[in-house]
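In this chain, residues are counted from 1 in sequence order. Only this structure's heavy atoms are used, side chains among them; waters, hydrogens and symmetry mates stay out.
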Amino acid sequence: MIIIGAGLGGLALAHGLRKQGIDVAVYERDAHPGARPQGYRIQLDEPGLTGLRECLPAALFELCLSTAGAPPARVSVRNRRLDVLADKAAAHSSAAADVSGPRAFNRPTLRQIMLLGLDGQVHYGARLVGYGHDADGRVTARFADGRTATADLLIGADGVNSAVRGLLLPGARVEDAGLRLVYGRIPLDGSTRAQLPSWVFESIFTVVTGGPGQPHLGLGPVEFGRRPEEAGRALTPPVDLSPVGDYVACLVGAPADHPAMPSFAELRTLAPAALRDLALRWTGEGWHEDVHGLLAHWDTDSLFPLRISTAAPVPHWQPGPVTLIGDAIHAMSPVLAMGANTAVRDAGELTRALAEAAGRGEPFVRAVGRYENRMREYASRIVADSRQTGQQRVGQR
C-alpha cells in the first residue's frame with residue numbers, strides 16, 4: 001500500500017496496516033517532519049481515540065495517552081462579557097474502555113510518537129504529480145523528483161490541498177469557510193497559570209464569541225499527564241521526545257469580511273507581532289477584561305495565521321485502487337473538534353475493511369468500496385454539523 005501524506009491520519013493508517021501484516025510505504029511532500037508549522041493542541045475523543053487504539057501498537061498508544069492532558073470533559077461557549085451561553089459534556093469514548101474521556105494532545109508530540117516504528121517507511125521530499133493504472137490492476141504513483149512507486153492501493157491522506165483528490169475527483173471542491181484565525185500559545189510557566197482566570201481550566205475547550213459575524217476567541221488547556229521527554233526516557237528502549245511545557249492553545253478568529261481583516265495573502269506575510277496587533281484590534285472595546293489579560297500572556301513568537309476551509313458535498317464515485325481519508329476528502333470547520341477525530345477514524349475503518357478483505361481473499365477494491373460507503377455516511381453528517389455550528393457560533397459561511 002502507498003499512503004500519500006504523513007499527517008496524523010496517514011501515520012495512523014500506516015501503523016494499522018502494519019499490524020495487519022500489510023506492507024506499506026508513506027510518501028510526504030515536506031522535506032522533513034519539522035518543515036512547516038503543525039499547530040499546537042489537538043483534541044481526540046470518540047471516535048478518534050478508538051481509531052488510534054485500533055491502529056497503533058499498544059506501547060505507542062499508551063505513550064500517547066501518558067503524554068496527553070485530561071481537562072474537564074466539558075465544552076463551554078461564552079459571550080464577550082463572559083456570560084455562559086452553553087456548557088455541555090464533551091464526547092466520551094465508549095469503545096476504548098481504558099480511556100475515561102476526551103484528551104488534549106500536543107500535536108507535534110503526537111506526530112512524533114506516531115512516527116516511531118516507521119523508520120525507512122516514511123519518504124520525505126516526495127511531491128505527488130500523478131498516478132497511473134497498471135494492466136494488472138495495480139497503481140503507480142509518480143513524484144516530482146522522478147521517483148515512482150507501485151502498489152495494490154494508493155491512499156490520499158494529504159490534507160485540504162490533496163493532490164490525490166485533485167487527480168481522483170477533479171470536480172470535488174473545498175470551499176473557503178470565510179474565517180481567518182491567528183493561532184498561538186499561552187505558556188503556563190512560572191506564575192502564569194495562577195494569573196489566568198479559573199474558567200479557562202474548567203473545560204476542555206472554551207469559545208468566547210462576539211456574536212454572529214463578529215470575532216471570537218478559542219482556548220484549550222494542554223497540561224501534560226507526563227512530560228513527553230520524561231515519558232520517552234521511561235520506555236525500554238528509551239526514545240527522544242522533544243521537551244515541551246504546559247500551555248493554553250489560544251486563537252483569535254474573525255470573518256474574512258471583517259473591516260480590520262486584510263486579504264489572506266497579506267495575512268500570511270505579517271510578522272508575529274503584526275498578527276498580535278491585528279488580533280488585539282478584533283477583541284478591543286466591549287470585551288471582558290479577562291480576555292485582554294489572557295492575550296497579554298500570548299507568546300508572540302508562536303503566532304501564525306490560518307484560513308478555515310470546508311468540503312462541499314461530493315457525488316458518489318466508483319471505488320477503485322485509489323481512495324482518500326481525512327481532510328483530503330472531508331475538510332471541516334474546527335468548531336466541533338472533529339477533523340482529526342474523523343481522520344483517525346477513517347484510518348481505523350479502512351484498516352479494518354482491508355484486513356477483512358485479506359482474510360477472505362477478496363480484491364482490495366471491494367474493501368475500498370465498503371470503506372468509502374461507510375465513510376461518506378458518517379463524514380457527511382459531521383461536515384454538515386460543523387458547518388451549521390460554525391455559522392451559529394463564529395460566523396462561518
Side-chain angles (χ1 to χ4, degrees), residues 5 7-10 12-13 39 41-55 73-75 77 86 88-96 99 101-105 107 155-162 165 169 172-179 181 204-205 207 218 220 253 306-317 323-353 370-397:
L8 300 183
L13 179 61
R41 174 194 176 276
I42 192 167
Q43 179 180 323
L44 291 182
D45 38 46
E46 182 66 32
L49 288 170
T50 298
L52 196 66
R53 187 172 70 167
E54 288 179 344
C55 290
R74 307 199 63 78
V75 176
V77 181
K88 64 179 183 177
H92 282 253
S93 176
S94 57
V99 181
R103 302 297 179 96
F105 296 85
R107 187 184 188 111
I155 303 112
D158 47 344
V160 173
N161 299 312
S162 171
R165 184 189 65 244
L169 302 171
R173 293 180 296 110
V174 176
E175 300 171 342
D176 184 348
L179 290 176
L181 306 180
I204 194 167
F205 197 76
V207 176
L306 287 171
R307 175 174 57 192
I308 302 304
S309 302
T310 188
V314 182
H316 188 280
W317 67 92
T323 192
L324 299 158
I325 71 169
D327 284 351
I329 186 57
H330 48 61
M332 63 188 73
S333 166
V335 294
L336 295 182
M338 288 301 294
N341 276 288
T342 311
V344 178
R345 177 180 184 174
D346 292 347
E349 296 275 359
L350 182 53
T351 294
R352 198 177 313 117
R370 288 195 294 271
Y371 155 73
E372 289 178 345
N373 287 335
R374 177 79 177 123
M375 178 269 293
R376 274 189 287 261
E377 179 184 352
Y378 60 74
S380 62
R381 291 197 305 267
I382 299 169
V383 172
D385 288 348
S386 296
R387 183 193 295 265
Q388 182 180 39
T389 303
Q391 290 169 342
Q392 293 169 347
R393 290 184 184 172
V394 295
Q396 179 180 336
R397 290 176 186 163

Residue set satisfying salt bridge (Lys or Arg N to Asp or Glu O under 4.0 Å) with Arg397, at least two apart, ordered chain then number -> none

Side-chain touch Arg387/Gln391, heavy atoms, less than 4.5 angstrom:
yes

Can you name the nearest heavy-atom pair linking Ala343 to Gly326, along with the distance?
CB-CA, 3.7 Å

Please determine whether side chain to side chain contact (heavy atoms under 4.5 Å, CB included) holds for the pair Gln396 and Thr310, giving the CA-CA distance in whole Å, both sets of side-chain angles, and the decisive distance to 0.1 Å.
CA-CA 10 Å; Gln396 179 180 336; Thr310 188; 4.2 Å; yes

Are the side chain of Asn341 and the backbone of Gly48 linked by a donor-acceptor contact shorter than 3.5 Å?
yes

Residue pair Ile382, His330: steps toward the side chain to side chain contact (heavy atoms under 4.5 Å, CB included) verdict
CA-CA 9 Å; Ile382 299 169; His330 48 61; over 6 Å; no

Cys55 and Ala12: which non-hydrogen atoms are nearest, and at how many Å?
CB-O, 3.2 Å

Distance, nearest 0.5 Å, that separates CD of Gln43 from CZ of Arg107
13.0 Å

Which atom names give the shortest non-hydrogen contact between Val314 and Ala172, and what distance separates them?
CG2-CB, 4.1 Å

Shortest non-hydrogen contact from Ala311 to Val383?
O-CG1, 3.7 Å

Contacts of Glu54 that satisfy salt bridge (Lys or Arg N to Asp or Glu O under 4.0 Å) - sequence neighbours left out
Arg352

Give, for atom CZ of Phe205 and atom CZ of Arg41, the distance between the pair rounded to the nearest 0.5 Å.
6.0 Å

CD/Glu46 to CZ/Arg345 distance, rounded to the nearest 0.5 angstrom?
7.5 Å

Separation between CH2 (Trp317) and CG (Leu324), nearest 0.5 Å, reads 6.5 Å

Side chains of Asn373 and Arg376 only: does a donor on one sit below 3.5 Å from an acceptor on the other?
yes

Which pair of heavy atoms, one from Ile204 and one from Ala104, lies closest together, and at what distance?
CD1-N, 4.5 Å

Distance from Asp327 atom CG to Met332 atom CE, nearest 0.5 Å?
7.0 Å

Between Val335 and Val207, is the side chain to side chain contact (heavy atoms under 4.5 Å, CB included) condition met? List the steps.
CA-CA 9 Å; Val335 294; Val207 176; over 6 Å; no

Taking the side chain from Ser162 and the backbone from Asp158, do they hold a donor-acceptor pair closer than 3.5 Å?
no

Are any non-hydrogen side-chain atoms of Leu44 and Arg103 less than 4.5 angstrom apart?
no

Show the numbers, then the answer: is there a side chain to side chain contact (heavy atoms under 4.5 Å, CB included) between Leu336 and Ser386?
CA-CA 6 Å; Leu336 295 182; Ser386 296; 3.6 Å; yes

Between the side chain of Arg165 and the main-chain N/O of Ala328, is any donor-acceptor distance below 3.5 Å?
yes

Under a 4.5 Å cut-off applied to non-hydrogen side-chain atoms, are Met338 and Ser333 in contact?
no

With rounding to the nearest 0.5 angstrom, report the CD1 to OG1 distance, Ile325 to Thr323.
9.0 Å

Pick from Val344, Leu8, Asp346, Leu350: which one makes a side chain to side chain contact (heavy atoms under 4.5 Å, CB included) with Leu13?
Leu350

Shortest non-hydrogen pair, Leu181 vs Gly253, comes out as CD2-CA, 3.5 Å

